[in-house]
Amino acid sequence: MSAPNFFQILSEETPSISKAFFDLVGSIQKDAGLDEKTFQLVYIGIQATNGAVASVAAHTGMAKAAGATREEVRGAVLVSMMTTGVNGIAACLSAALEAYDNA
């Protein structure tokens, strides 16, 4: 049995905070001035700089659904290497490509 993820716990323990968080996320997506594909690619790049493998993998599926190519996803991760170096993105590149291929 896998452990619940952060968002499951947040929703169960503090539903009002979870709702406020996702309302904020929705507002940012709506008002960021980016189409969905571009938004997801930017998000993937940012999360790759954080080494957030699970987030990169999850948002890769969203990017693919929004029309991103495998090369665009790969590029979003690789561009982040210019700011963080190899250590920041090493695990994220394979996670993104695997997630793309499985989405």
Side-chain angles (χ1 to χ4, degrees):
M1 175 191 266
S2 64
N5 72 28
F6 168 77
F7 294 111
Q8 287 176 295
I9 296 168
L10 185 68
S11 177
E12 292 167 5
E13 295 291 326
T14 57
S16 64
I17 293 172
S18 178
K19 181 182 179 328
F21 174 78
F22 283 106
D23 286 347
L24 174 63
V25 168
S27 292
I28 291 169
Q29 281 184 279
K30 180 181 170 219
D31 296 331
L34 301 170
D35 61 84
E36 182 65 15
K37 179 179 96 168
T38 303
F39 182 90
Q40 293 301 332
L41 290 170
V42 168
Y43 193 84
I44 289 166
I46 292 168
Q47 287 296 70
T49 66
N50 293 326
V53 175
S55 183
V56 167
H59 284 268
T60 292
M62 294 176 201
K64 184 176 182 180
T69 66
R70 191 175 193 272
E71 291 76 19
E72 288 171 324
V73 170
R74 184 183 65 216
V77 174
L78 291 175
V79 166
S80 68
M81 185 168 54
M82 295 184 320
T83 59
T84 61
V86 173
N87 289 335
I89 67 141
C92 292
L93 182 59
S94 61
L97 296 177
E98 182 179 333
Y100 189 91
D101 292 343
N102 291 325

| task | Would you indicate whether the side-chain heavy atoms of Q8 and N5 approach each other to under 4.5 Å? | result | yes
| Are the side chain of K64 and the backbone of Y100 linked by a donor-acceptor contact shorter than 3.5 Å? | yes
| Sub-4.5 Å side-chain heavy-atom contact between Q29 and E36 | yes
| message | Hydrophobic clustering (ILVMFWY, side-chain heavy atoms < 4.5 Å, transitive) - are I44 and I46 grouped together? | response | no
| request: Report the C-alpha separation of S11 and F22 in whole Å, then their side-chain angles, then the decisive distance to 0.1 Å, and conclude whether the side-chain contact (heavy atoms from CB on, under 4.5 Å) test is met. | output: CA-CA 10 Å; S11 177; F22 283 106; over 6 Å; no
| Distance (rounded to the nearest 0.5 Å) between L34 CG and Y43 OH | 14.0 Å
| message | If I take atom CD from residue Q40 and atom CG from residue D35, how far apart are they, to the nearest 0.5 angstrom? | response | 10.0 Å
| query | Same cluster for L93 and M82 if Ile/Leu/Val/Met/Phe/Trp/Tyr side chains link at under 4.5 Å? | reply | no
| request: I would like to know whether V73 and R70 meet side-chain contact (heavy atoms from CB on, under 4.5 Å); could you show each step before the answer? | output: CA-CA 5 Å; V73 170; R70 191 175 193 272; 5.8 Å; no
| field | Flag side-chain contact, heavy atom, 4.5 Å: E98 against S94 | value | no
| message | Just checking E13: does its CD atom have more than 12 heavy atoms from other residues, nucleotides or ligands closer to it than 6.0 angstrom? | response | no
| field | Flag, side chain of S18 to backbone of T14, donor-acceptor distance under 3.5 Å | value | no
| remark: When rounded to the nearest 0.5 Å, the distance separating CG of L97 from OG1 of T60 is 8.0 Å
| said: Return the CZ to OG1 distance between R74 and T69, rounded to the nearest 0.5 Å. | reply: 8.0 Å
